[in-house]
J.: 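Quick one: this structure, given as structure tokens, is what I'll be asking you about.
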Amino acid sequence: MDPFLVLLHSLSSSLSGNDLTDLKFLCRERVSKRKLERVQSGLDLFSVLLEQNDLERGHTGLLRELLASLGRHDLLQRLDDFEAGATTAATPGEADLRVAFDIVCDNVGRDWKRLARELKVSEAKIDGIEERYPRSLSDRVRETLRVWKNAEKENASVAGLVKALRACRLNLVADLVEEALMAQGSVSKSDDTSSTLRDPTVSFSETP
């Protein structure tokens with residue numbers, strides 16, 4: 001059984017009736033009234049959020065915000081413990097992507113659509129991301145990266161992401177990713193990955 005689903009079941013079992021009422025209220029702008037009316041448990045709500053791609057193993061920001069709003073620090077600790085274990089168990093490639101995603105989310109900002117198109121995210125999905133996260137550029141970027149990673153599956157790599165950044169002339173962001181991975185020993189200057197990241201056919205100009 002998926003450990004993340006086990007975690008969600010555990011969290012749901014620990015929610016009181018008042019907690020569920022508060023969660024439904026907090027999600028009223030994200031989940032339709034019709035769906036909320038059918039929610040009878042935490043699992044029901046989590047299932048809706050999973051279907052809408054607002055919640056998943058590597059994308060728990062919303063869940064964290066909801067638990068914090070409830071003041072359920074005990075459940076937040078449970079989530080922290082799960083994610084600490086997931087980070088430890090992550091493959092090197094996945095760990096590198098997480099580092100890269102954090103850097104890209106912090107630095108791409110208003111250029112997120114350009115990056116999304118370079119990563120072959122469809123216009124329909126771009127519109128959906130913009131509608132889902134109207135006030136947070138960082139969340140738009142992270143959702144874009146999640147969509148790309150899910151589409152590419154095992155082919156998703158830091159090399160591919162950095163190549164896309166350079167194709168968008170977001171070279172400063174690409175440099176930050178490379179430097180962070182070099183600092184932790186994931187990429188070295190003699191590495192084949194490094195030569196792949198620095199594609200000589202891509203312009204290094206920062207001018208849009």
Side-chain angles (χ1 to χ4, degrees), residues 1-91 94-110 112 116 125-150 176-177 180 184:
M1 187 177 294
D2 186 339
F4 185 59
L5 297 182
V6 174
L7 170 70
L8 294 181
H9 185 276
S10 171
L11 295 177
S12 175
S13 299
S14 301
L15 294 172
S16 68
N18 287 337
D19 287 337
L20 181 60
T21 299
D22 291 343
L23 285 176
K24 291 169 69 173
F25 177 78
L26 292 169
C27 290
R28 69 194 185 284
E29 293 184 355
R30 188 179 297 270
V31 179
S32 70
K33 183 178 179 180
R34 179 174 55 82
K35 289 182 178 179
L36 283 177
E37 288 174 347
R38 296 202 299 263
V39 168
Q40 300 297 319
S41 68
L43 275 182
D44 289 343
L45 181 58
F46 296 154
S47 294
V48 172
L49 296 176
L50 286 167
E51 290 171 2
Q52 296 182 174
N53 295 321
D54 287 328
L55 175 63
E56 65 175 42
R57 183 189 183 102
H59 187 64
T60 59
L62 174 62
L63 177 59
R64 186 174 295 279
E65 289 177 13
L66 292 172
L67 295 177
S69 296
L70 294 179
R72 293 298 304 270
H73 300 293
D74 56 327
L75 301 187
L76 277 171
Q77 184 61 54
R78 205 176 298 176
L79 177 58
D80 287 341
D81 292 343
F82 170 81
E83 293 191 327
T87 300
T88 301
T91 64
E94 289 176 345
D96 290 348
L97 276 174
R98 289 178 185 175
V99 172
F101 281 14
D102 288 342
I103 294 170
V104 172
C105 289
D106 289 341
N107 292 278
V108 167
R110 61 186 177 83
W112 73 277
K125 287 185 177 179
I126 290 174
D127 291 343
I129 291 169
E130 189 167 32
E131 182 178 348
R132 192 174 301 141
Y133 303 102
R135 295 183 292 274
S136 174
L137 287 173
S138 178
D139 283 343
R140 293 180 197 176
V141 178
R142 190 170 294 279
E143 180 66 6
T144 295
L145 296 174
R146 188 197 66 78
V147 169
W148 166 73
K149 183 176 183 294
N150 285 350
L176 287 173
V177 172
Q184 67 182 31

J.: With no hydrogens and no angle check, just 3.5 Å: does a side-chain donor-acceptor pair link Ser14 and Arg78?
T.: yes
J.: Does the side chain to side chain contact (heavy atoms under 4.5 Å, CB included) test come out yes or no for Leu75 and Leu79, once each step is laid out?
T.: CA-CA 6 Å; Leu75 301 187; Leu79 177 58; over 6 Å; no
J.: Passes salt bridge (Lys or Arg N to Asp or Glu O under 4.0 Å), Glu143 versus Arg140? Steps please.
T.: CA-CA 5 Å; Glu143 180 66 6; Arg140 293 180 197 176; over 6 Å; no
J.: Are the side chains of Leu70 and Leu15 in touch, meaning some heavy atoms are under 4.5 Å apart?
T.: yes
J.: Rounded at 0.5 Å granularity, tell me how far CG in Leu43 sits from NE2 in His9.
T.: 5.5 Å
J.: Decide yes or no for Asp80 and Arg64: does some side-chain heavy atom of the first lie under 4.5 Å from some side-chain heavy atom of the second?
T.: yes
J.: Atom CG in Asp102, atom CG in Leu176: separation rounded to 0.5 Å?
T.: 12.5 Å
J.: Using every non-hydrogen atom in the two residues, find where Glu56 and Thr60 come nearest and quote the distance to one decimal.
T.: O-CG2, 3.3 Å
J.: So do Leu5 and Phe46 actually touch side chain to side chain, heavy atoms under 4.5 Å?
T.: no
J.: Is the closest side-chain heavy-atom distance between Leu145 and Leu97 below 4.5 Å?
T.: no
J.: Should the pair Arg28 and Phe25 be classed as cation-pi, given the thresholds of under 6.0 Å to the six-membered ring centre and 45° from the axis?
T.: yes
J.: Ala100 and Val177: which non-hydrogen atoms are nearest, and at how many Å?
T.: CB-CG1, 3.8 Å
J.: Check the pair Val104 / Arg142 against side chain to side chain contact (heavy atoms under 4.5 Å, CB included), numbers first and verdict last.
T.: CA-CA 8 Å; Val104 172; Arg142 190 170 294 279; over 6 Å; no
J.: As a quick check of understanding, evaluate side chain to side chain contact (heavy atoms under 4.5 Å, CB included) for Leu50 and Phe4, giving each step before the final call.
T.: CA-CA 11 Å; Leu50 286 167; Phe4 185 59; 4.2 Å; yes
J.: Which heavy atom in Cys105 sits nearest to a heavy atom in Val141, and how many Å separate them?
T.: CA-CG1, 3.8 Å
J.: May I ask you to test the Val39-Lys35 pair for a side-chain heavy-atom distance under 4.5 Å?
T.: no
J.: May I ask you to test the Leu63-Leu49 pair for a side-chain heavy-atom distance under 4.5 Å?
T.: no
J.: Taking all atoms of both residues into account, what is the closest heavy-atom pair of Val99 and Ala180, and its distance?
T.: CG1-CB, 4.2 Å
J.: Calculate, to the nearest 0.5 Å, the distance between atoms CD and CG belonging to Glu130 and Leu137 respectively.
T.: 9.0 Å
J.: Any side-chain to backbone donor/acceptor pair from Ser12 onto Leu8? Under 3.5 Å, distance only.
T.: no
J.: So do Leu23 and Leu66 actually touch side chain to side chain, heavy atoms under 4.5 Å?
T.: yes
J.: For a 4.5 angstrom cut-off between non-hydrogen side-chain atoms, does Gln77 reach Asp81?
T.: yes
J.: In Å and rounded to the nearest 0.5 Å, what is the NZ to NZ distance from Lys24 to Lys33?
T.: 11.5 Å
J.: Minimum heavy-atom separation for Gln52 to Arg30, with atom names?
T.: NE2-O, 3.3 Å
J.: NZ of Lys149 to CZ of Arg98: how many Å apart, nearest 0.5 Å?
T.: 8.0 Å
J.: More than 12 non-hydrogen atoms from neighbouring residues, nucleotides or ligands closer than 6.0 Å to NZ on Lys125, yes or no?
T.: no
J.: Specify the closest pair of heavy atoms between Leu20 and Gly42, including all atoms of both residues, with the distance to one decimal.
T.: CD1-N, 3.8 Å
J.: Carefully, step by step, assess Arg38 and Asp44 under the rule side chain to side chain contact (heavy atoms under 4.5 Å, CB included).
T.: CA-CA 8 Å; Arg38 296 202 299 263; Asp44 289 343; over 6 Å; no
